[in-house]
Amino acid sequence: MSGKSILLVDDEPHVLEVLRVTLEDLGFSLLEAGDGPKALSLAKSEKPDLVILDVMLPSMSGLEVCKSMRQADGAEKIPVILLTARSGEDDERAGYEAGADRYLTKPFSPLTLLTEVVKLLNIDLP
Amino acid sequence: MLDMVLEIFEADAGSVMLLREDVLTIEVCQGLAPEIVTSTRQPLGVGIAGWVALKGVPLHLDGKVNDQRFSELVERDDEIFSSLCVPIRHRRKTLGVVMIRREAPRPFKKNDLPFLESVSDLAAVALENARLFESEHRQRELAQLEHQKLRATLASMADGVVVVDKQGQVLMENSVAQGFLAPQFGQDLGQVWKQCRAELKAGQTRLEVDGRQLEVVATPLFVEGSEAGSVMVLRDETARHELEKMKSEFLSMVSHELKTPITTMGAFLELLRTREFPPSRQQRFLEICSQECERLHTLIDQLLQLSRLETGRFELKLEQCRLGDLLRDCLPAFRESNFGHRFELVEPLSNPELQLDPVLVTQAITNLLSNAVKYSPEGGLVQLGIESNATTSRLWVKDQGVGIEAEKIPLVFEKFFRVDNSLTRETGGTGLGLANVKHIAEAHGGHAWVESQVGQGSIFTMEFPIKSGDDNHVTG
């Protein structure tokens, strides 16, 4: 269908599974990372069409990953959805300032996430 | 002066008496018998001196006192031939009297009285000046004392004080304020006022100077009813600030930790409701939901436990119990639910009788065993032992797991710290177990630590002091 690739980043294996199940069977090829450094390297090497990124990661925060992506050649235009349990105004502002395109708070609805993915990738779903 | 007076008037004896609290006492005298000097206390109105002092009128008496006015007021000495008594007055106030007398039959002349009055007037001025001087001296001493008290108070306060006038010129400051503000404002502490004027008008403001969080409260300075400036009190709030920051970060972490299982459960439940999945997958998702639910439960329990331990609001229910027995009692449950692991008690197992809270210690041991299981591979060996000497007893748990990197070792007992997220998450770890272990060890007066090398596994130890049969309940 679309042949788009999405990079999923979260340090919680179960949350990764949720994301995977939400986006499966829709023609996306899915990449996964459990920490910042791996996410960054995959973003740079695989250049996915979208990144879904958790903010609270162990060593490198999602915000740092986002900022680094914006400064990396080839990765700077990749749309990013930030996923986080932090819901404060300051946190949201910080997210957008780091270069995110969307800021979703946890707990999130898989349907809502899907809607955002579709919007950002500019595609239609069957 | 009296000598001079006696000489001038050719008198044989005389005295200057001063009036204090309506009683005349001899201040200086000449030619009087010592007993008279010490005993003479003429109340106002009594005797010649008393009468003169009361009426403020000079008196010239010759010979025995026959005058009606004095019939009751008679001086003792009958040999006085002639005497003059003059009030010492200054500005209509009687300060005392001057009395002079002649014993030989040489009466004072009529002019002698007014002359003595003039002398008395001069004496009055001198006396009054002396009094003023003394009063002023005393006042100055009092003022100095007050000043010293104020300085001592200002210097001993924990807070800084800066008083400025309306232009921001410093009227008073203490060393604490200097200590706080000098790094940024130098010698002129009035700069603080000038810089923060607007906020201070509203009452208070926060300043950060030289790494200190200062709270500044300003109140208007009133001098004789009108506003003359401002009094600023500076308090070092750094510690409280740090504490608030820590609390805020902790809450943030807790919130995140609690939301994570909820996120997973909520998302899977929505997926199950809105999509078709084969039964095996449905089962899997529901299983995950159960696990997350369990994890949430454990998290909440451990948080409560941690909170109690940290705020010290708990009572250690100490009993005489055997550490080895507590350890042995934990094992069956672990053996049953962890077939993949072997648990071995290393003999000889010391089994000292200690004052312990069995519930808390059992929980600590359980946490250590959980950790060991989580971090050792399937089929791994978990060894347990207790060693004691005269003063301490050590319980240790050794695993053959992945070990901990050197720089992470100090962090291992921190709240929410997880060495390897994926392993811990899968097995429902909360990152709080070891924090609780440490608290429990310390509540008993002992401590906990870990020795570990990457790839070589880890040994976690809890040490308890052996007390000499103390039976008291300890409030942590």
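Chain letters run A, B, ... following the sequence lines, proteins first, then strands; residues in each count from 1.
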Practice task
Heavy-atom distances under 4.5 Å only: say whether A:Leu113 touches chain B with side chain, backbone, both or neither.
Solution key: neither
Fill in the blank from the handout: When the 4.5 angstrom heavy-atom criterion is applied to A:Thr22 and chain B, the contacting part is both
Exercise for the section: Measure up the B:Phe285 and B:Phe268 rings against each other and bin them: parallel (under 30°), tilted (30 to 60°), perpendicular (over 60°). Expected result: parallel
Practice task
Against chain A, label B:Thr264 side chain, backbone, both or neither, depending on which of its atoms sit under 4.5 Å from a heavy atom there.
Solution key: both
Exercise for the section: With sequence neighbours excluded, give me every salt bridge (charged side-chain N to carboxylate O under 4.0 Å, His left out) pair touching residues 94-113 of chain A. Expected result: A:Asp10-A:Lys106, A:Asp54-A:Lys106, A:Arg70-A:Asp101, A:Arg102-A:Glu116
Practice task
Name the region of A:Leu114, side chain, backbone, both or neither, that has any atom closer than 4.5 Å to a heavy atom of chain B.
Solution key: side chain
Handout entry: Contacts of type side chain to side chain contact (heavy atoms under 4.5 Å, CB included), residue A:Ser41, not counting sequence neighbours
Key = none
Completion exercise
Result for side chain to side chain contact (heavy atoms under 4.5 Å, CB included) between B:Ser452 and one of B:Ile409, B:Val412, B:Asp399 points to B:Ile409
